[in-house]
Trainee: 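Submitted below is the structure of interest, expressed as structure tokens.
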Amino acid sequence: MRKAIIIVGLLALVLFVLALQLRDRDHIADFDSRPLLNEERLAILAASGQIRLLRDERVVTLVRRDGLWTVAEHDYFPAQRERLAALLHAMRGARLQEPQTANPEHHSRLGVDDSAAAGENSFRVDVSGTEGEFGIIYGNGVGTGQLIRFSGEDQVWLINRALGMSTNSADWLDLQVAELPMTFARQAKWQHADGETLLLNKGEKGDYNFRLEGLAEEQQSGNERWMNQMVLGLVSLTAQDVRPRSELELDQPMLTMTVTTWGGAELEASLHELNGRHWLLIDRFQPSEDEEILVNADPRWAFQLGPGQVEQLNKRREDIVRD
């Protein structure tokens, strides 16, 4: 009888231990399956009109205007879509792994205090819009994960993936000025301020190489690369910086450029020098219905170019005819 009681007791103990283990596993599974953003916060993010990233004194303010995300610190110039998409994807895809401390006294050490400046990787993301607002403070990294805390809450969480985002506002600018495939281009005209003009043409639709008008046939071959590079500098251009044209007292251009495509699109641009810096203006862009061409033709902007880009564009006959 005593042995039976002992056996029953041991069996009950084993079942109790197993139940605790199963509960712990279910507890962990619950956290593994819990997304960082609940339905309410997902709705706020989807309808958001402003997203701010803060680290120390640096701030990036992304504002949605007429359906387009812009950077407020740079006169509401368009934001880089790929970088914004990466931020949204990271916020939507992160998952809460397990709770950490809820003691506010430890927030600073963990990099999740309200200043978001205590840890090396600490920064803050504030989201606001018509549906409400919320903030997330990203703190110290833990393995491949990261500690976070929602603004206004004491609870600290470990999420499954670290989020690294630049808080340099210039990094968020979409500085792609033009993206026009070279095979689309049919003719290019470069005119310098002193009157020197270069006219480039292609023989057939689909050709890549340009030919310089007035150049002997035997000189065309071998010099195409310099002609192509000159045009490529405009039709596939990413600027180094951008400023409102209204802030610059630009004089007459040192160079005007026109590229026409087989489909009838036309791109006109000009290069200006001001106090040792060079600025490019998109003066006119006529798109084509049959060709997919991306050009930032907003007349408000002037695009700053680097020395190498200026050298590539500012070619003369002696620069492209080297034989």
Side-chain angles (χ1 to χ4, degrees), residues 174-242 248 250-288 290-297 301-323:
D174 183 4
L175 294 174
Q176 184 75 43
V177 181
E179 191 172 351
L180 188 160
M182 277 286 283
T183 53
F184 287 6
R186 178 180 64 86
Q187 185 181 79
K189 182 179 180 180
W190 259 232
Q191 187 166 5
H192 293 270
D194 61 7
E196 181 178 353
T197 301
L198 301 175
L199 185 62
L200 307 175
N201 289 284
K202 289 184 180 178
E204 296 181 358
K205 186 176 182 179
D207 285 351
Y208 186 88
N209 292 328
F210 276 101
R211 301 166 67 83
L212 177 62
E213 188 177 276
L215 185 64
E217 185 64 31
E218 60 271 15
Q219 290 183 290
Q220 298 284 354
S221 179
N223 287 312
E224 296 100 333
R225 60 178 296 191
W226 313 115
M227 306 177 200
N228 295 337
Q229 286 180 2
M230 183 179 74
V231 179
L232 192 62
L234 174 62
V235 301
S236 183
L237 176 63
T238 301
Q240 291 194 347
D241 200 359
V242 64
L248 303 171
L250 299 177
D251 205 345
Q252 293 299 311
M254 56 186 286
L255 174 67
T256 59
M257 299 157 282
T258 303
V259 175
T260 306
T261 72
W262 293 99
E266 192 165 274
L267 170 62
E268 295 181 3
S270 56
L271 185 63
H272 302 251
E273 190 273 336
L274 178 64
N275 299 327
R277 296 184 178 183
H278 291 85
W279 301 89
L280 182 131
L281 306 182
I282 300 296
D283 298 311
R284 190 176 74 89
F285 175 59
Q286 176 63 48
S288 166
D290 302 325
E291 297 168 326
E292 185 176 348
I293 299 171
L294 300 178
V295 175
N296 187 341
W301 308 113
F303 301 96
Q304 185 178 351
L305 306 187
Q309 293 173 303
V310 174
E311 182 179 355
Q312 185 176 359
L313 290 173
N314 193 30
K315 291 283 195 297
R316 295 180 177 269
R317 181 185 175 91
E318 62 186 19
D319 297 315
I320 63 175
V321 180
R322 304 194 176 191
D323 292 337

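The model shown is predicted, which means the values in this text are computed figures rather than measured ones.
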Trainee: Please step through side chain to side chain contact (heavy atoms under 4.5 Å, CB included) for the pair Thr256 and Glu268, ending with a clear verdict.
Mentor: CA-CA 7 Å; Thr256 59; Glu268 295 181 3; over 6 Å; no

Trainee: Indicate the atoms forming the closest heavy-atom contact of Ala239 with Phe303, along with that distance.
Mentor: CB-CB, 3.7 Å

Trainee: Do other residues, nucleotides or ligands put more than 12 heavy atoms under 6.0 Å from Lys202 NZ?
Mentor: yes

Trainee: Are His192 and Leu255 close enough that some pair of their side-chain heavy atoms sits under 4.5 Å apart?
Mentor: yes

Trainee: Where do Val177 and Val242 land on the side chain to side chain contact (heavy atoms under 4.5 Å, CB included) test, with the steps shown first?
Mentor: CA-CA 10 Å; Val177 181; Val242 64; over 6 Å; no

Trainee: Within a strict 4.5 Å, meaning less than it, do heavy atoms of the Gln309 and His278 side chains meet?
Mentor: no

Trainee: Is there side-chain contact between Leu215 and Arg317, with at least one heavy-atom pair below 4.5 Å?
Mentor: yes

Trainee: Heavy atoms only: give me the nearest Asp319-Lys315 pair and the separation to one decimal.
Mentor: CB-CD, 3.5 Å

Trainee: Kindly indicate whether the side chain of Asn201, heavy atoms from C-beta on, has any atom under 4.5 Å from the side chain of Arg211.
Mentor: no

Trainee: Counting heavy atoms not belonging to Glu292, are there more than 12 under 6.0 Å from its CD?
Mentor: no

Trainee: Is any side-chain heavy atom of Met227 less than 4.5 Å from a side-chain heavy atom of Leu198?
Mentor: no

Trainee: Can you tell me how far the CG atom of Leu250 sits from the CH2 atom of Trp279, to the nearest 0.5 Å?
Mentor: 8.0 Å

Trainee: Do you know which two heavy atoms are closest between Ala188 and Val231, and how far apart they sit?
Mentor: CB-CG2, 3.8 Å

Trainee: Which value, rounded to the nearest 0.5 Å, describes the distance between Asn296 atom CG and Gln176 atom CD?
Mentor: 10.0 Å

Trainee: Is the backbone of Gln229 close enough, under 3.5 Å, to the side chain of Gln312 for a donor and an acceptor to pair up by distance?
Mentor: yes

Trainee: If every non-hydrogen atom of Leu180 is compared with every non-hydrogen atom of Ala185, which pair is closest and at what distance?
Mentor: CD2-N, 4.1 Å

Trainee: How many angstroms lie between CE in Met257 and CG in Leu281, if you round to the nearest 0.5 Å?
Mentor: 9.0 Å

Trainee: So Leu271 and Val310, do their side chains get closer than 4.5 Å, heavy atoms only?
Mentor: yes

Trainee: Residues two or more places apart in sequence or in another chain: which of them pass side chain to side chain donor-acceptor pair (under 3.5 Å) with Ser270?
Mentor: His272, Asp283

Trainee: Report the C-alpha distance between Asp207 and Glu224 in whole Å, list the side-chain angles of each, state the deciding distance to 0.1 Å, and finish with yes or no for side chain to side chain contact (heavy atoms under 4.5 Å, CB included).
Mentor: CA-CA 12 Å; Asp207 285 351; Glu224 296 100 333; over 6 Å; no

Trainee: Look at Arg277 together with Asp241 and state whether they make a salt bridge at an N to O cut-off of under 4.0 Å.
Mentor: no

Trainee: Check whether Trp190 reaches the backbone of Leu313 with its side chain - one donor and one acceptor, N or O, closer than 3.5 Å.
Mentor: yes

Trainee: Can you name the side chain to side chain donor-acceptor pair (under 3.5 Å) partners of Asp174, sequence neighbours left out?
Mentor: none

Trainee: Specify the closest pair of heavy atoms between Trp262 and Thr183, including all atoms of both residues, with the distance to one decimal.
Mentor: CD1-O, 3.6 Å

Trainee: Does any part of the side chain of Ile293, heavy atoms only, come nearer than 4.5 Å to the side chain of Phe285, both counted from C-beta?
Mentor: yes

Trainee: Are side-chain heavy atoms of Asn223 and Ile320 found at a separation under 4.5 Å?
Mentor: no

Trainee: Which value, rounded to the nearest 0.5 Å, describes the distance between Trp301 atom CH2 and Leu280 atom CG?
Mentor: 15.5 Å

Trainee: Does CD in Glu311 sit with more than 12 non-hydrogen atoms of other residues, nucleotides or ligands closer than 6.0 Å?
Mentor: no

Trainee: Enter the distance from Glu196:CD to Arg316:CZ here, rounded to the nearest 0.5 Å.
Mentor: 5.0 Å

Trainee: Could you tell me whether the side chain of Ser288 and the main chain of Gln286 form a donor-acceptor pair under 3.5 Å?
Mentor: no

Trainee: List the residues meeting side chain to side chain donor-acceptor pair (under 3.5 Å) with Asn209, not counting sequence neighbours, and say none if there are none.
Mentor: Asn228

Trainee: Would Leu237 and Leu305 satisfy side chain to side chain contact (heavy atoms under 4.5 Å, CB included), going step by step from the backbone distance to the final call?
Mentor: CA-CA 9 Å; Leu237 176 63; Leu305 306 187; 3.9 Å; yes

Trainee: May I ask you to decide if Gly263's main-chain N or O and Glu291's side chain share a donor-acceptor pair within less than 3.5 Å?
Mentor: yes

Trainee: Quick check for you: to the nearest 0.5 Å, what is the distance between Asp290 atom CG and Phe184 atom CZ?
Mentor: 9.5 Å

